[in-house]
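Scope of the values below: all heavy atoms of this structure, side chains included, with no hydrogens, waters or symmetry mates. Just follow the structure's listing: the first ligand is 1, and inside any ligand the first atom is 1.
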Amino acid sequence: MNKQELRKLIRKKRRALTPAQRHKAGRGLMRSLHHSPKYLSASRVALYLTNDGEIDPLWAIEDLWKRGKEVYLPVLHPIRKGYLAFIRYRPETKMRQNRFGIAEPDFRFNKRIPARFISIIGLPLVAFDSRGNRLGMGGGFYDRTLAFSRAEGQTPTLVGCAYAFQEVRMLPAESWDIPLQYIATDKQLTSLTDL
Ligand SMILES: Nc1ncnc2c1ncn2[C@@H]1O[C@H](COP(=O)(O)OP(=O)(O)O)[C@@H](O)[C@H]1O
Ligand SMILES: [Mg+2]
């Protein structure tokens, strides 16, 4: 199966889940993230708002707020085409729709920080494999935005967030693909750094 066919198949599967299944998985994702000491000690965490049936980090976000952590969301960079910017997200943050129809914090009114100052970034994905390769929706946004992290070591720590069924045996890693250090699913947290 090629990347396009794989994307289509898995996206269809995750969109078919019921609200009850999504709720249960979202809570499972939060529990999996808690297994990481790095996550629990992080002061700034970036997550995302669910779209296209992606596993829902909302429970994790609300839990982070309760713990007094700073939460950031990716937004389409208004100037650097193909890049993401990370904007502070609070319960009262004013949102707007981006060109994909996804809600994002308004770039003009909320604090933006460079990705290298974020301790942990939880990334959505379409498929992952046991080596930490990530297949996204095909835009390469995270690959472009996080390309710097290769040269500067392991900051931020990258955690792929997914349903367990999104694992595939092997993904072709392209030269520009940025690998993940952890995978957090509805069932477990897997560390990929020492594999
Ligand atoms: N660092 C980068 N610089 C320039 N283009 C990039 C970079 N990373 C990814 N891209 C481009 O983004 C496109 C999509 O990347 P791909 O890895 O297939 O998508 P995704 O990661 O969303 O699954 C590719 O055509 C690739 O050339
Ligand atoms: Mg990629």
Side-chain angles (χ1 to χ4, degrees), residues 1-17 25 29 33 45-57 60 72-87 97-105 107 112-118 120-186 189-193 195:
M1 213 187 298
N2 68 31
K3 292 208 295 189
Q4 275 321 324
E5 291 165 336
L6 189 61
R7 283 190 182 104
K8 210 171 149 194
L9 191 81
I10 298 183
R11 288 179 60 187
K12 196 171 166 193
K13 198 168 167 187
R14 71 183 186 186
R15 282 197 302 257
L17 298 173
L29 173 69
L33 289 167
V45 178
L47 282 162
Y48 57 90
L49 298 184
T50 181
N51 172 52
D52 192 58
E54 291 158 348
I55 194 164
D56 193 345
Y72 291 81
L73 292 179
V75 310
L76 299 177
H77 199 291
I79 300 153
R80 295 185 79 193
K81 210 171 164 285
Y83 285 77
L84 301 170
F86 290 92
I87 310 273
Q97 298 242 314
N98 69 20
R99 63 184 162 87
F100 297 118
I102 303 171
E104 52 176 50
F107 198 93
R112 171 158 68 109
I113 65 167
R116 67 178 185 281
F117 295 140
I118 300 177
I120 307 246
I121 300 183
L123 301 76
L125 54 81
V126 176
F128 65 94
D129 71 14
S130 62
R131 293 178 306 170
N133 293 316
R134 170 183 181 270
L135 182 72
M137 297 268 263
F141 286 92
Y142 282 99
D143 289 328
R144 252 179 240 106
T145 307
L146 301 170
F148 76 91
S149 67
R150 282 214 161 142
E152 294 177 25
Q154 302 295 315
T155 309
T157 299
L158 304 180
V159 183
C161 300
Y163 294 100
F165 67 72
Q166 288 173 266
E167 178 164 6
V168 297
R169 207 170 60 76
M170 210 166 116
L171 282 174
E174 315 280 2
S175 58
W176 59 80
D177 279 329
I178 303 296
L180 304 164
Q181 282 100 49
Y182 290 89
I183 300 282
T185 70
D186 46 325
L189 181 78
T190 310
S191 170
L192 305 157
T193 40
L195 291 183

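Here E174 fails the criterion, with no N, O or S atom under 2.8 Å of the Mg ion (ligand 2).
Here OH of Y142 is found 5.5 Å from CG of L84. Values are rounded to the nearest 0.5 Å. With values rounded to the nearest 0.5 angstrom, L29 atom CG is found 9.5 Å from L189 atom CG. Distance check, rounded to the nearest 0.5 Å: CZ of F148 to OG1 of T155 gives 8.0 Å. With rounding to the nearest 0.5 angstrom, the CG atom of L125 is 9.0 Å from the CG atom of L171. Distance check, rounded to the nearest 0.5 Å: OH of Y163 to CG of D186 gives 7.5 Å.
Residues E54 and L49 share a closest heavy-atom pair of OE1-O, 4.0 Å. In plain terms, the two heavy atoms of R7 and M137 that are nearest each other are NE-C, 3.4 Å.
Contact annotation for Q4 and ligand 1: no heavy atom of the residue comes within less than 4.0 Å of the ligand. At a heavy-atom distance under 4.0 Å, no atom of V126 approaches ligand 1.
Considering only non-hydrogen protein atoms, atom 18 (O) of ligand 1 sits nearest to K3 NZ, 3.3 Å. Nearest protein neighbour of atom 14 (C) of ligand 1, counting heavy atoms only, is G138 O, 3.3 Å. Among all non-hydrogen protein atoms, the one lying nearest atom 9 (C) of ligand 1 is W176 CD1, 3.1 Å. In this structure, the protein non-hydrogen atom closest to atom 5 (N) of ligand 1 is R144 NE, 3.5 Å.
Residue D143 approaches ligand 1 through these ligand atoms, each under 4.0 Å from one of its heavy atoms: 8 (N), 9 (C), 17 (O), 21 (O). Atoms of ligand 1 found under 4.0 Å from any heavy atom of R7, numbered from 1 in the order shown, are 18 (O), 19 (O), 20 (P), 23 (O). For ligand 1, the atoms closer than 4.0 angstrom to any heavy atom of G140 are 12 (O), 14 (C), 15 (O), 19 (O), 20 (P), 21 (O), 22 (O).
Considering backbone and side-chain N/O atoms, F141 never comes within less than 3.5 Å of an N/O atom of ligand 1. Close N/O approach between L135 and ligand 1 is not found [any backbone or side-chain N/O within under 3.5 Å]. Between A147 and ligand 1, a contact under 3.5 Å exists for no N or O pair.
For the pair M137 and ligand 1, a heavy-atom separation below 4.0 Å is found.
Between the side chain of D143 and the main chain of I178, a donor-acceptor pair closer than 3.5 Å is present.
A salt bridge links R15 with D52: the distance from a Lys NZ or Arg NE/NH1/NH2 to an Asp or Glu carboxylate oxygen falls below 4.0 Å.
As for D177, its N/O/S atom nearest the Mg ion (ligand 2) is the one called OD1. Considering just the N/O/S atoms of D143, the one nearest the Mg ion (ligand 2) carries the name OD2.
Ring pair F100/F141 is perpendicular by interplanar angle, where above 60° counts as perpendicular and below 30° as parallel.
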